[in-house]
Visitor: 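Take this structure, written in structure tokens, and hold onto it; I'll ask about it next.
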Amino acid sequence: MSFADLGLIPELLKAVEDAGYSDPTPIQSQAIPVVLEGRDVMGGAQTGTGKTAGFTLPLLNKISRWASTSTSPARHPVRALILTPTRELAVQVHEAVQTYAKYLPIRTVCLYGGVDIRPQIEDLRRGVEVVVATPGRLLDHIEQRSITLGQVEIVVLDEADRMLDMGFIPDIRRILALLPKQRQSLLFSATFSEEIKRLADTMLRDPQLIEVAKRNTVSETITHRVYPVAAAVKKQLLVWLLREAEGGDQVLVFVSTKIECGRLSRHLQREGIAADAIHGDKSQMQRTEALEGFKSGAIRVLVATDVAARGLDIDDLPYVVNYELPGTAEDYIHRIGRTGRAGKHGNAVSLVSPDEHQKLAAIEKLIKLKIPQHTVPGFDADASPDSAYRVVRNQGADRRAASASRSASPSAPRSTSAPRPARSTVAPDGFDFSRPYVAKEALNESESSAAESAQPDSPRSARESRPVAFLLGGRGR
DNA sequence: AAAAAAT
């Protein structure tokens with residue numbers, strides 16, 4: 001199956017080829033023909049499955065059919081509207097739209113808050129066919145009458161469950177009410193709650209259900225690991241883990257609050273780690289800078305609230321760390337979905353203090369997976385800052401006593417300038433990281449065939465899971 | 001319970 005078989009026009013095929021894609025992903029080969037046919041779609045797809053191209057390509061294909069080459073704004077009514085829950089996601093989707101529309105006479109704009117509205121109004125005045133927007137700023141434009149939605153042919157609701165969580169549904173309904181009744185609607189959601197189904201009932205007509213990944217499941221290319229740790233030494237454990245994963249590996253660290261987000265990021269910076277923070281109280285400029293810095297590699301550790309939990313596509317992100325477990329088990333799925341994307345191997349590491357074990361149990365129940373636990377001496381659930389310091393200091397002494405050629409214990413949390421010890425393949429808790437390892441320990445029956453193929457000894461998983469580096473796991477050298 | 005989003 002190739003993109004050419006899906007009935008896309010040459011201009012789009014060329015753009016897809018330029019982007020370096022040859023074969024459609026499962027959701028793309030399912031969604032593209034259905035959308036081209038004009039049917040409504042209820043899509044259940046995790047991000048990283050090629051969902052964005054799955055709706056963007058057929059959307060552009062349809063719009064292109066009568067694409068106006070006129071320079072008159074009046075000939076460029078808004079014909080497609082894509083709504084996303086966060087600004088960063090809007091930017092990302094808009095980039096995809098631009099990528100695929102490059103050989104088409106189609107104008108696009110991205111509308112979101114936190115930035116000057118005037119350039120957006122200018123773009124709208126000149127005329128655009130495709131609008132990607134967050135709900136708040138779009139409503140702003142609607143009230144200012146800088147946009148008319150009376151000729152929209154296709155509307156896409158991306159990450160609908162997130163929109164629901166964020167209380168956007170009333171806004172969405174207001175926006176939908178302004179669209180023509182005769183239109184095509186696509187709704188994508190990682191999870192299907194009763195509320196999402198109700199929204200779908202009012203928004204979609206005879207939708208085709210497209211589901212690639214099973215709901216509430218996590219990618220098999222992700223290795224999960226839990227570190228039980230006392231809250232008092234969590235910060236030190238994180239620094240220690242980050243140091244051990246050194247070698248340029250990037251880490252996205254999730255926290256529960258904006259306050260902790262800034263605090264932890266500053267702490268890491270003081271420890272000499274290239275870190276930045278992204279959360280909703282930062283200016284849009286700071287948010288964009290942080291994300292760009294992370295994507296470019298200038299930032300090694302991005303500390304984030306759940307603003308970054310969904311949809312964000314960061315190439316080759318090897319690690320996600322839950323510094324604090326998310327409030328809901330579903331958020332765990334979204335957060336760790338930032339790694340292990342597009343078939344690549346990823347690591348989900350969670351630092352769990354005793355007060356978080358309820359949450360951990362809920363997560364394990366939802367993902368039907370018992371996550372292996374590992375403890376680091378000095379950083380276990382009963383550790384105090386003092387005991388942690390003693391253990392680390394002793395490890396340092398052992399190391400100094402040991403021969404230089406032997407692999408040694410990890411460096412102390414605060415020794416920024418100490419020489420780096422050789423990388424060990426056996427953790428202090430005795431876990432052998434030199435063996436390829438895939439976490440698949442407690443699957444339910446319906447997934448047993450998938451589990452089969454993910455067993456450590458099978459050729460497929462041996463290929464997918466590289467020998468694991470120290471502690472954070474994952475990347476072999 | 002916190003986060004996100006219009007100013």
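Sequence lines set the chain letters: A, B, ... in the order given, protein chains first and strands last, and positions in each chain run from 1.
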Visitor: So which pairs with a foot in residues 137-160 of chain A pass ring pair (Phe, Tyr, Trp, His ring centres under 6.0 Å), sequence neighbours left out?
Guide: none
Visitor: For A/R287, answer base if it contacts any base atom (sugar-phosphate contacts may also be present), sugar-phosphate if it contacts only those atoms, and nothing otherwise; contact means non-hydrogen atoms under 4.0 Å.
Guide: sugar-phosphate
Visitor: Walk along DNA chain B from 5' to 3' and tell me the first and last nucleotide with an atom closer than 4.0 Å to a non-hydrogen atom of chain A.
Guide: B/dA1 to B/dT7
Visitor: Determine, for A/D165 against A/R162, whether the closest basic-nitrogen to carboxylate-oxygen distance falls under 4.0 angstrom.
Guide: no
Visitor: For A/D171, which contact category applies under a 4.0 Å heavy-atom criterion: base, sugar-phosphate, or nothing?
Guide: nothing
Visitor: Show me the pairs that pass salt bridge (Lys or Arg N to Asp or Glu O under 4.0 Å) and involve residues 198-209 of chain A, at least two apart or across chains.
Guide: A/R39-A/D206
Visitor: According to the salt bridge (Lys or Arg N to Asp or Glu O under 4.0 Å) rule, which pairs have a member within residues 183-196 of chain A, sequence neighbours left out?
Guide: A/E194-A/K197
Visitor: Scan for salt bridge (Lys or Arg N to Asp or Glu O under 4.0 Å) pairs involving residues 251-260 of chain A, sequence neighbours excluded, and state none if there are none.
Guide: A/K258-A/D281, A/E260-A/R263
Visitor: Which atom pairs, donor and acceptor, lie under 3.5 Å between side-chain atoms of residues 167-177 of chain A and protein residues at least two apart or in another chain?
Guide:
| from | atom 1 | to | atom 2 | distance (Å) |
| --- | --- | --- | --- | --- |
| A/R173 | NH1 | A/T202 | OG1 | 3.0 |
| A/R174 | NH2 | A/E143 | OE2 | 3.2 |

Visitor: For A/G167, which contact category applies under a 4.0 Å heavy-atom criterion: base, sugar-phosphate, or nothing?
Guide: nothing
Visitor: Using a 4.0 Å heavy-atom cut-off across all strands, classify A/G327 as base, sugar-phosphate, or nothing.
Guide: base
